[in-house]
Amino acid sequence: MNYQYTNEFRLNLVEWFNKEKRDLPWRRTSDPYKIWVSEVMLQQTRVDTVIPYYNRFLEKYPTLQDLAFAPQEELLKMWEGLGYYSRARNLQAGVKEVVEKYNAVVPDNRHDISKLKGVGPYTAGAVLSIAYQKAEHAVDGNVMRVLSRVLHIEEDIALPKTRKVFEEAVEMLIDEQYPGDFNQALMDLGAMICTPTSPKCLLCPVRDYCIAFSEGDADKLPIKSKKVKTKKVQFKVFVAMNQEGQCLLEKRPSEGLLADMWQFPMIEVTEKADSEEVFQENYNVQILNHIDKELLKFKHIFSHLTWELECTQVQIEQKSELPDAVQFLTIEQIKALPMPVPMLKILNVLN
DNA sequence: AAAGCGGGGAG
DNA sequence: CTCCCAGCTTT
């Protein structure tokens with residue numbers, strides 16, 4: 001694209017944005033901290049899903065300091081249901097760093113802000129351009145889709161190295177005067193007009209500058225290879241009550257899937273061993289009788305694997321000391337703990 | 001460069 | 001069903 005076209009492209013794009021932009025909570029502030037929170041929540045997560053979480057989160061943690069000193073379990077509870085829970089811990093780590101090293105002021109340059117936990121190339125550019133009006137690229141899936149069509153870029157967007165191609169494209173195109181609006185305009189365009197399937201080219205403010213539109217193959221772009229192979233794992237889940245009506249709960253390890261989240265004890269179903277025997281041995285308890293053999297049976301689908309859960313409610317007694325990270329809790333206590341969605345489903349059918 | 005990491009909505 | 005979303009971290 002030559003200079004003349006580049007200039008018209010940004011003018012049309014930003015003008016469209018000013019007229020059509022969505023009214024979103026994080027667009028009513030210029031606080032870098034709040035914009036940072038919104039960007040982290042929006043990683044791999046839809047706008048409609050994020051809105052209520054964002055509002056509750058900032059009501060609870062209005063400032064960097066509030067979040068920096070929040071108990072981790074309370075923080076995870078605020079994040080409950082949003083997924084990718086490491087985002088919450090990384091965000092808090094990053095916020096702590098800003099409080100300690102930068103006098104509670106979010107850095108305004110890519111070098112420093114990129115060192116913060118959980119802040120990658122996209123989030124860095126988004127915060128810098130939106131909160132600080134810096135002409136920095138913020139390339140996400142939306143931007144890659146839009147620009148792959150406008151510039152007819154046929155490189156595989158699933159490959160890590162391809163992101164650089166789009167970052168350089170943004171550096172050429174970005175509106176130096178309104179970089180935040182420019183970046184957000186690309187995202188809104190991707191969300192509302194230049195959608196993954198059935199792009200609404202006839203409504204597009206920049207179709208005159210779009211090579212894919214003129215070639216008539218916008219729906220063939222972007223090119224993305226990577227296919228996901230999903231594995232299946234079966235578990236028996238034990239809703240195990242003691243004589244006092246308390247329930248056995250366990251905290252997951254601090255690394256890996258659903259780190260630090262709480263769950264009902266679950267045993268992988270194999271041909272080799274009986275799940276109930278393994279449960280009793282691993283948790284040092286004895287099953288007295290079955291209250292409900294099939295309390296609930298359902299699947300939970302993650303992006304990379306599927307859990308098939310069979311839940312049994314049993315009466316148990318403790319035989320010896322409980323393992324670390326395992327305890328008896330009342331239903332009320334359980335409700336205050338951060339739990340992944342599949343466990344919330346089980347909790348919801350109790351009583 | 002590839003894998004791991006949630007959950008939900010759209011088609 | 002499949003795709004993919006305002007991605008980052010670890011290996």
Side-chain angles (χ1 to χ4, degrees), chain A residues 21-22 24-27 35-54 76 79-91 93-94 113-131 137-146 156-164 166-167 170 180 182-192 194-199 219 222-231 252-261 263 299-307 338-345:
Chain A
K21 64 184 170 192
R22 294 170 290 180
L24 303 170
W26 45 92
R27 287 185 176 166
I35 291 167
W36 181 8
V37 170
S38 76
E39 292 301 340
V40 172
M41 287 187 170
L42 286 161
Q43 288 166 11
Q44 299 288 272
T45 310
R46 292 168 194 285
V47 166
D48 290 342
T49 304
V50 167
I51 290 173
Y53 281 92
Y54 173 85
L76 284 175
W79 210 271
E80 183 182 79
L82 203 48
Y84 285 138
Y85 299 96
S86 64
R87 288 184 295 174
R89 295 190 302 177
N90 289 341
L91 174 61
I113 200 171
S114 296
K115 287 185 189 164
L116 301 173
K117 205 73 174 163
V119 178
Y122 165 76
T123 304
V127 174
L128 292 174
S129 64
I130 297 168
H137 57 75
V139 173
D140 68 342
N142 266 317
V143 172
M144 288 199 281
R145 182 175 60 256
V146 171
D156 184 355
I157 66 165
L159 301 177
K161 63 174 183 181
T162 303
R163 202 192 63 237
K164 188 172 172 58
F166 289 92
E167 288 174 349
V170 171
F182 179 88
N183 282 337
Q184 293 180 88
L186 282 180
M187 296 179 220
D188 269 24
L189 192 69
M192 299 191 284
C194 199
T195 48
T197 58
S198 320
D219 56 334
I223 291 166
K224 180 170 183 168
S225 61
K226 214 178 272 182
K227 279 126 197 150
V228 275
K229 45 185 190 284
T230 165
K231 290 163 287 192
R252 294 179 62 90
S254 58
E255 291 184 347
L257 183 64
L258 302 170
D260 288 331
M261 303 292 278
Q263 67 181 12
K299 289 185 189 177
H300 184 77
I301 302 168
F302 300 91
S303 46
H304 57 302
L305 90 157
T306 300
W307 279 359
M339 301 179 82
V341 165
M343 295 299 150
L344 292 174
K345 282 183 185 164

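Proteins come first, then strands; the chains are lettered A, B, ... in the order of their sequence lines, and each starts at number 1.
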>> Taking the side chain as everything from C-beta on, heavy atoms only, tell me whether A:K224 gets closer than 4.5 Å to A:P196.
In response: no
> Does the A:R252 side chain pair with the main chain of A:L257, one donor and one acceptor, at a distance under 3.5 Å?
Replying inline: yes
> Do A:R87 and A:N90 get their side chains close enough for a donor-acceptor pair, meaning under 3.5 Å?
Replying inline: no
>> With no hydrogens and no angle check, just 3.5 Å: does a side-chain donor-acceptor pair link A:Q43 and A:Y122?
In response: no
> Which heavy atom in A:P25 sits nearest to a heavy atom in A:I51, and how many Å separate them?
Replying inline: CG-CG2, 4.0 Å
> Among the nucleotides C:dC8, C:dA6, C:dC4, which one has an atom lying closest to any side-chain atom of A:P196?
Replying inline: C:dC4
>> Between P on C:dA6 and CH2 on A:W26, what's the gap in Å once rounded to a whole number?
In response: 10 Å
> When the P atoms of B:dA10 and C:dA6 are considered, how many whole Å apart are they?
Replying inline: 13 Å
> Atom CD1 of A:I157 and atom C1' of C:dC4: how far apart are they, to the nearest Å?
Replying inline: 10 Å
>> Base contacts versus sugar-phosphate-only contacts with protein, heavy atoms under 4.0 Å: please encode nucleotides 1-6 of chain B as B, S and - from 5' to 3'.
In response: SSS-BB
>> Rounded to whole Å, how long is the line connecting atom CG of A:L344 with atom C1' of B:dG8?
In response: 14 Å
> Nearest to the side chain of A:M187, which nucleotide is it out of C:dC5, C:dT10, C:dA6?
Replying inline: C:dA6
>> I'd like the P distance from B:dG6 over to C:dT10, given in whole Å.
In response: 14 Å
> Quick one: does A:W26's side chain get under 4.5 Å of A:V37's, heavy atoms only?
Replying inline: no
> Rounded to the nearest Å, what distance is computed from the CE atom of residue A:M41 to the C1' atom of nucleotide B:dG8?
Replying inline: 16 Å
> Can you find a donor-acceptor N/O pair under 3.5 angstrom joining the side chain of A:R145 to the base of C:dA6?
Replying inline: no
